[in-house]
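Within every chain, numbering begins at 1; the chains are lettered A, B, ... in the order of the sequence lines, protein sequences first and strands thereafter. Everything numeric here is computed off the predicted structure, so don't read it as measured data.
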2 protein chains.
Amino acid sequence: MRLNLNNDPDGGDGTARAHELLVAYLRRRGLRMTGEREALLRAAVLLQGGHFTLDELAREAMRLHAGASRPTVFRSLPLLVDAGILQPALVSGEARRYELALGRRHHDHLLCSRCGRIVEFRSEAIEKLQLGVASRHGFRLTSHVHELLGECAACRAAKRA
Amino acid sequence: MRLNLNNDPDGGDGTARAHELLVAYLRRRGLRMTGEREALLRAAVLLQGGHFTLDELAREAMRLHAGASRPTVFRSLPLLVDAGILQPALVSGEARRYELALGRRHHDHLLCSRCGRIVEFRSEAIEKLQLGVASRHGFRLTSHVHELLGECAACRAAKRA
DNA sequence: CTTCATGCAAAAGATTTGCAAGTTC
DNA sequence: GAACTTGCAAATCTTTTGCATGAAG
């Protein structure tokens, strides 16, 4: 399958930057840019703002690029993560969810266990305390998983009604 | 398979209390105490202090009670969790890990990504901040996942050597 | 005895892999 | 043209289920 790999497919939505990043990453590792990887990239950008599962990403990519197969998504997703374009966002719930990493500041998530709504949050104070906890135990902190589970305002209102 | 279900199998290690809890829970739901569930309970207590995967628990239970099958472990583990005897402890890493819940205070975990060492920690300050974050977003907090990933002191020393 | 639990084997999913054919550079 | 990718189908792995048999209460 042949695509315009040299034409910049950006619409001002950030695909350009993701594309550059991926190509650079692939080159560094002696790997190649392909139509399928391009589709995956565009799918991720389309789902931007969302927190999507591998399955959702695969569907979107297959829609964009008829023929992009599931095995290829399984093979390419780790590359996009490694390249710093995607990052794991949520581990709670049945399926792991990813989000665009691309230049986003670090944040953690609130998850409504009733309706699945996801809200991002950021707390300097918590980040600092985490560092303190880690160093108190002799750990050098490299990352963390922090997800707050509960019921969002809408669901609580619905329940009262 | 027949076991001394009425004899208290405790050795002062907490099995007695877990046993009571489980029997009470099962009775409430019209379910039955069996040798297999007993074995699962004892396995969990044997692995006490540890953070074990379903697989490790299954092996231990099968060792204790020849014949306890994997499907039964899959069927019973949720009961033990529901009864408040076990709780999920770690979601990072390849397999989810459980720990004895039994009367333990809430805590979170540090995980060394190099050697797998797990350290429990507790931070009132972080707990408070979490509540604040949640309420600021209209959430009623019901639980959370908080895992700090890094490198423990020993691994860092080993690397320098 | 009635109902629930179990083990086995089969089923269902999810993820991975071998390989021939097609693409990228 | 050489090396990397892909899709397909098959192979693995993990978890779940149907069902006949065995236990618990």
Whole-Å distance, B/E94 CD to D/dT15 P, equals 12 Å

Starting at CE of A/M33 and ending at C1' of C/dC25, how long is that distance when rounded to a whole Å?
-> 14 Å

Using a strict 4.0 Å threshold on nitrogen-to-oxygen distance, state whether B/E120 and B/R122 make a salt bridge.
-> no

Give the rounded distance in Å between these two atoms: CG of A/L57 and P of C/dT15.
-> 13 Å

Does atom CZ of A/R27 have more than 12 heavy-atom neighbours from other groups under 6.0 Å away?
-> no

Atom-to-atom span, CZ of B/R29 to C1' of C/dA5 - whole angstrom | 14 Å

What does the inter-axis angle of the helix from C/dC1-D/dG25 to C/dC25-D/dG1 come out as, five pairs per end, nearest 10 degrees?
-> 40°

When the distance from CG of A/L40 to C1' of D/dT5 is rounded to whole Å, what number comes out?
-> 14 Å

Could you note down all residue pairs passing salt bridge (charged side-chain N to carboxylate O under 4.0 Å, His left out) where residues 44-54 of chain B supplies at least one of them, sequence neighbours left out?
-> none

A/R32 CZ to D/dG1 C1': how many Å, rounded?
-> 11 Å

Who passes ring pair (Phe, Tyr, Trp, His ring centres under 6.0 Å) against A/H137, sequence neighbours left out?
-> none

When you match A/L79 and B/R27 each to their closest nucleotide on DNA chain D, which lands nearer the 5' end?
-> A/L79

Kindly give the atom pairs (protein nitrogen or oxygen, nucleotide nitrogen or oxygen) under 3.5 Å for nucleotides 6-13 of chain D.
from, atom 1, to, atom 2, distance (Å)
D/dT6, OP1, A/T34, OG1, 3.2
D/dG7, OP1, A/G67, O, 2.3
D/dG7, OP1, A/S69, N, 3.2
D/dG7, OP2, A/S69, N, 3.3
D/dG7, OP2, A/S69, OG, 2.4
D/dG7, OP2, A/T72, OG1, 2.1
D/dG7, O5', A/S69, OG, 3.4
D/dG7, N7, A/R75, NH2, 2.8
D/dG7, O6, A/R75, NH2, 3.4

Solution key, residues 52-62 of chain A side-chain donor-acceptor pairs under 3.5 Å, sequence neighbours excluded:
from, atom 1, to, atom 2, distance (Å)
A/T53, OG1, A/D55, N, 3.4
A/T53, OG1, A/E56, N, 3.0
A/D55, OD1, A/R70, NH1, 2.9
A/D55, OD1, A/R70, NH2, 3.2
A/D55, OD2, A/R59, NE, 3.0
A/D55, OD2, A/R59, NH2, 3.0
A/E56, OE1, A/T53, N, 3.0
A/E56, OE1, A/R97, NH1, 3.2
A/E60, OE2, A/R63, NH2, 2.7

Interatomic distance, B/F74 CZ vs D/dT14 P [rounded to whole Å] = 9 Å

To the nearest angstrom, the CD-P distance between B/E38 and C/dC4 comes to 21 Å

Other than A/L148, which residues form its hydrophobic cluster under the rule that side-chain heavy atoms must be closer than 4.5 Å?
-> A/L110, A/V119, A/F121, A/I126, A/L129, A/L131, A/V133, A/F139, A/L141, B/L110, B/V119, B/F121, B/I126, B/L129, B/L131, B/V133, B/F139, B/L141, B/L148

Pairs where residues 74-84 of chain B contributes a residue and the test side chain to side chain donor-acceptor pair (under 3.5 Å) is met, not counting sequence neighbours | B/Y25-B/D82

Just jot down the side-chain contact (heavy atoms from CB on, under 4.5 Å) partners of B/S69, sequence neighbours excluded, or say none.
-> B/P71, B/T72

Can you give the donor-acceptor pairs under 3.5 Å from side chains of residues 154-161 of chain A to other protein atoms, not counting sequence neighbours?
from, atom 1, to, atom 2, distance (Å)
A/R156, NH1, B/G138, O, 2.6
A/K159, NZ, A/E151, OE1, 3.1
A/K159, NZ, A/E151, OE2, 3.1

